Participant: 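Take this structure first; my questions come after.
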Amino acid sequence: MSNIERTLSIIKPDAVERNLVEKIKNIFLKNNLSIKESKKIRINKDEASEFYKVHQSKPFYNELCSYLSSGPIVVMILEGENAVLANRKLMGSTNPKDADENTIRKLYGISIDKNSVHGSDSVENAKKEIDFFFKN
Ligand code: CMP
C-alpha cells in the first residue's frame with residue numbers, strides 16, 4: 001500500500017555557500033521525492049535555538065544554533081513514498097565520515113556540524129518542522 005509522507009529538508013549554510021543547492025535538489029528529484037515548497041532564508045540564533053530545542057541539553061547545542069544562523073539556508077517540503085525515511089537514507093549518517101557512498105553527506109559534508117543537510121527524523125517531527133518554517 002502506498003504511504004505518501006511529507007518531510008522537512010534544510011540545506012545548511014555550508015552547502016548553500018558552496019552552490020550545492022541545485023545538485024542536492026536533483027538528488028531528491030531523481031529519487032522520487034518531489035519538492036512541494038522551497039525558500040532561501042536566513043534565520044537568527046533565537047529562531048535556530050527554537051528549531052533545534054530537542055537538542056538543548058546536548059553539549060553541541062550552542063554551536064549548532066550559531067551555525068544554522070550563520071548564513072542563508074534553503075528549507076524545503078519534500079513529498080513522496082515514505083519520505084521521512086527516504087530522505088534520511090539519501091542524507092546518510094550524521095557524521096559525513098560514517099556516511100555511505102553516494103549519500104549527500106558523504107558527497108558534500110565537511111564535518112559533523114557542516115554536514116550540508118538536515119532532515120526530519122519522524123513523521124511527527126516532520127509535521128512540527130514543516131509548521132515551523134511554512135505556517136503563515
Ligand atoms: P542535524 O540532522 O541537523 O541535527 C542536529 C545536528 O547537530 C546534526 O545534524 C549535526 O550537524 C549536529 N551535531 C553536532 N555535533 C553532534 C554530535 N556529537 N552528535 C549528533 N549531532 C551533532
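What's counted below: heavy atoms across the whole structure, side chains too, no hydrogens, waters or symmetry copies. On a predicted model such as this, the values are computed, not experimentally measured, just so you know. When a ligand or atom number is given, it counts from 1 through the structure's own listing order.
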Participant: Return each pair, listed once, that meets ring pair (Phe, Tyr, Trp, His ring centres under 6.0 Å) where at least one residue sits in residues 28-60; pairs must be two or more places apart or across chains.
Facilitator: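 Applying ring pair (Phe, Tyr, Trp, His ring centres under 6.0 Å) to every pair that reaches into residues 28-60, excluding sequence neighbours, yields Phe51-His118, Phe51-Phe132, Phe51-Phe133, Tyr52-His55, Tyr52-His118, His55-Phe60.
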Participant: Out of curiosity, Asn102 CG to Leu90 CG, how far, rounded to the nearest 0.5 Å?
Facilitator: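 Output value for this atom pair is 10.5 Å.
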Participant: Find out if a path of hydrophobic residues (ILVMFWY) with successive side-chain heavy-atom gaps under 4.5 Å connects Ile73 to Leu8.
Facilitator: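 Per the 4.5 Å side-chain linkage, Ile73 and Leu8 are co-clustered.
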Participant: Could you tell me which residues satisfy salt bridge (charged side-chain N to carboxylate O under 4.0 Å, His left out) with Arg18, sequence neighbours excluded, listed by chain and number?
Facilitator: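 So Arg18 forms a salt bridge (charged side-chain N to carboxylate O under 4.0 Å, His left out) with Asp14.
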Participant: Same cluster for Val16 and Met91 if Ile/Leu/Val/Met/Phe/Trp/Tyr side chains link at under 4.5 Å?
Facilitator: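 In one cluster with Val16: Met91, yes.
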Participant: Got a sec, which residues hit side-chain contact (heavy atoms from CB on, under 4.5 Å) with Lys106, two or more places apart in sequence or on another chain?
Facilitator: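 Testing Lys106 for side-chain contact (heavy atoms from CB on, under 4.5 Å), a comparison that skips the adjacent residues, returns Ala99, Glu101, Thr103.
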Participant: For ligand 1, give me the residues whose heavy-atom distance to it is below 4.0 Å, by chain and number please.
Facilitator: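 Close residues (ligand 1, cut-off 4.0 Å): Lys12, Tyr52, His55, Phe60, Leu64, Thr94, Arg105, Ile112, Asp113, Asn115, His118.
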